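For reference, the structure discussed in these notes is given below.
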Protein chains: 2
Amino acid sequence: MPAKRPPVPLSRERIIDAALHIADGQGLRRLTMRRLGDALQVEAMAIYHHLPRGKEALMDALAEHVTAIQVDPAPTWQETARQWCRAQREALREHPGVLALALTKPPKGATAIAIMEQTEQLTGAGLSDAAEAVRSLRAFVFGSVAVEVQQSGWADPERDTWTRRDARADADFERGMDAMLRGLGG
Amino acid sequence: MPAKRPPVPLSRERIIDAALHIADGQGLRRLTMRRLGDALQVEAMAIYHHLPRGKEALMDALAEHVTAIQVDPAPTWQETARQWCRAQREALREHPGVLALALTKPPKGATAIAIMEQTEQLTGAGLSDAAEAVRSLRAFVFGSVAVEVQQSGWADPERDTWTRRDARADADFERGMDAMLRGLGG
DNA sequence: ACCTGAACACCGTTCAAGT
DNA sequence: ACCTGAACACCGTTCAAGT
C-alpha cells in the first residue's frame, strides 16, 4: 500500500497558478487568501512566507504573469511586432479573471523589463520611434481584448454563437494589427 | 443664529458621486460600504435602500457612469465618431479609479443602450458595418486610456514631466484616431 | 419611506508558537 | 525554514426596530 507522500512544498509558482485558477474560474472578487490557502491545502497564513507583501504582492504577481511577454526577434520589425501582439493577446485571453489587473496596474518588474527589451528590439530592427510603437501596440492589444472579453459576457441581442464571435474577434484583431503596423511604418 | 438644517436626503446620484470621489482619490480597494456611508454622513446600511443589490449594484453603476457616453450626430460619420472617442476618453481619464471596472464589466443598462444608439447613428450616416466600427472605436479608446493611465503610475526611467507626457498622449490619441477612421472608411 | 443597531459570516494581516 | 492557531480590526449583508 502507498505510503503517505510528503506534501509538495509551497512555492511562489504554485501559489500563482492556484490564484490564476481561482480568479479565472470564480472571478477576482472571490480570490481570497483563505480560499487560496484551501486550494493549496495550507493555512492562509503560510502564503505570507512566500509573498511577504501579502495580497498586494499576489496581485502584482498575477498582473506580471500575463503581461511580461517576450518574443524572439524576427527578420523584420513588423513580424516581430506581430508575434508580440499575438502572444500578448493569447496570454490575456487565457486569464480573463486577471484582465482588470493587467490593464490597470502600472508596469513593474518583469513587465517593465519586457517593455524595455521590446523597445530595444524594434529600435535595433530599424524603427525610428520604437517607444511610441510599443505604446501603440500595447494599447491596441489591451483594447481589443477588453472589448472582446466584455462582449463575451454580454446578453447579446443578436445571439451570436460562441465560435462565430471567436472567429470574428480573430479576424478583427489580425486586420486591426496590420492596419496599425502600416500606420507605424512612417 | 442658523437653524440646524435638515440633512440632504440620500439619493442614488449622491451615492455614486461620493463613491467616485473615494475610488479616484484612494483607489477602488478602499471603496467600502462603510467608508462610503461615512462620506455621506449616514450608516452604511442606509445605502442598501437606494441600491438594493448592494456593492454589486454600486460597481455596475460606477462602470455605467463613465461608460454610457452619447454625442450629438455630426455632419459626417467620421466627425460623429471623433466626438464620441474624445468624450469617452475624457470620461475615463476623469475617473481613473474605476477604469478597471469600465474596461472589464460587460455593457449593461445605459451603456448597452448608448452602444446601440451609436451603432444606429453611424449606420444612418452611411457606414456599412457600423457594429464593427463601434467595437473598433471602443477598443481604441479603452486601450489608449489604459496605457496612458498605466504609464502615469510608472517609475519612468526617462523622467518625463507631467505636462509633456500629457501632450504626447493627446497627440498619440488624435493621430491614432484619424488613422483608425481612415481604416474604417472601407 | 427612510434610516439605525445589532448581529453574522467572512476577510487581510500580525505575531507568538510549534516542528 | 516553513507552517499553524489565535487574535484583531475591518468588511458586506440581513433583519428587526425605530421615526
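A note on names: the letters A, B, ... follow the listed sequences, proteins ahead of strands, and every chain is numbered from 1. Treat the numbers as computed from the prediction; the structure is a model and nothing was measured.
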*Without hydrogens or angle criteria, can the side chains of S152(B) and E148(B) be said to hold a donor-acceptor pair below 3.5 Å?*
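S152(B) vs E148(B): no donor-acceptor pair found between side chains.
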
Would you kindly give the [atom1]-to-[atom2] distance between [X] and [N], to the nearest whole Å?
X	N	atom1	atom2	result
R53(B)	dT14(D)	CZ	P	12 Å
L36(B)	dG12(D)	CG	P	9 Å
L10(A)	dT19(C)	CG	C1'	17 Å
R34(A)	dC11(C)	CZ	P	7 Å
H50(B)	dT4(C)	NE2	C1'	13 Å
Y48(B)	dA6(C)	OH	P	18 Å
I15(A)	dC3(D)	CD1	C1'	12 Å
I47(A)	dC3(D)	CD1	P	10 Å

*Establish, with yes or no, whether the OP1 or OP2 oxygen of dC11(D) is under 4.0 angstrom from a side-chain nitrogen or oxygen of R35(B).*
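The answer is yes; a side-chain N or O of R35(B) sits under 4.0 Å from OP1 or OP2.
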
*Are M45(A) and I47(A) connected in a single hydrophobic cluster, I mean Ile/Leu/Val/Met/Phe/Trp/Tyr linked by side-chain heavy atoms less than 4.5 Å apart?*
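No: no chain of side-chain contacts under 4.5 Å links I47(A) to M45(A).
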
In plain terms, say whether [X] and [Y] are close enough for a salt bridge, that is, a side-chain N and a carboxylate O under 4.0 Å apart.
X	Y	result
R165(A)	D172(A)	no
R86(B)	D170(B)	no
E132(B)	R135(B)	no

When you measure from the side chain of [X], which nucleotide among [options] comes out closest?
X	options	result
A46(A)	dC2(C), dT4(C), dT4(D)	dT4(D)
V42(A)	dG12(C), dT4(D), dC3(C)	dT4(D)
E43(B)	dT4(C), dG12(D), dT14(C)	dT4(C)
M45(A)	dC3(D), dG12(C), dC15(C)	dC15(C)
H49(A)	dC2(C), dG12(D), dC3(D)	dC3(D)

*Using Watson-Crick and G-U wobble pairs with both distances under 3.5 Å, what is the 5'-to-3' dot-bracket string of DNA chain D, with [ ] for crossing pairs and | for pairs outside the strand?*
||.|||||...|||||.||

*Residue closer to the 5' end of DNA chain D, A44(A) versus P52(B) (nearest nucleotide)*: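 The residue closer to the strand's 5' end, by nearest nucleotide, is A44(A).
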
*Sugar-phosphate, base or nothing in reach of R30(A), heavy atoms under 4.0 Å*: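 If one applies the 4.0 Å heavy-atom cut-off, R30(A) turns out to touch nothing in the nucleic acid.
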
*salt bridge (charged side-chain N to carboxylate O under 4.0 Å, His left out): pairs with one or both residues in residues 97-111 of chain A, sequence neighbours excluded*: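 For residues 97-111 of chain A, and leaving out neighbouring residues, the salt bridge (charged side-chain N to carboxylate O under 4.0 Å, His left out) pairs sorted by first residue read E56(A)-K105(A), D60(A)-K105(A), D60(A)-K108(A).
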
*Only counting residues at least two apart or in another chain, list the ones meeting side-chain hydrogen bond (donor to acceptor under 3.5 Å, both in side chains) with Q26(B).*
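For Q26(B), the residues satisfying side-chain hydrogen bond (donor to acceptor under 3.5 Å, both in side chains) (neighbours in sequence not counted) are R30(B).
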
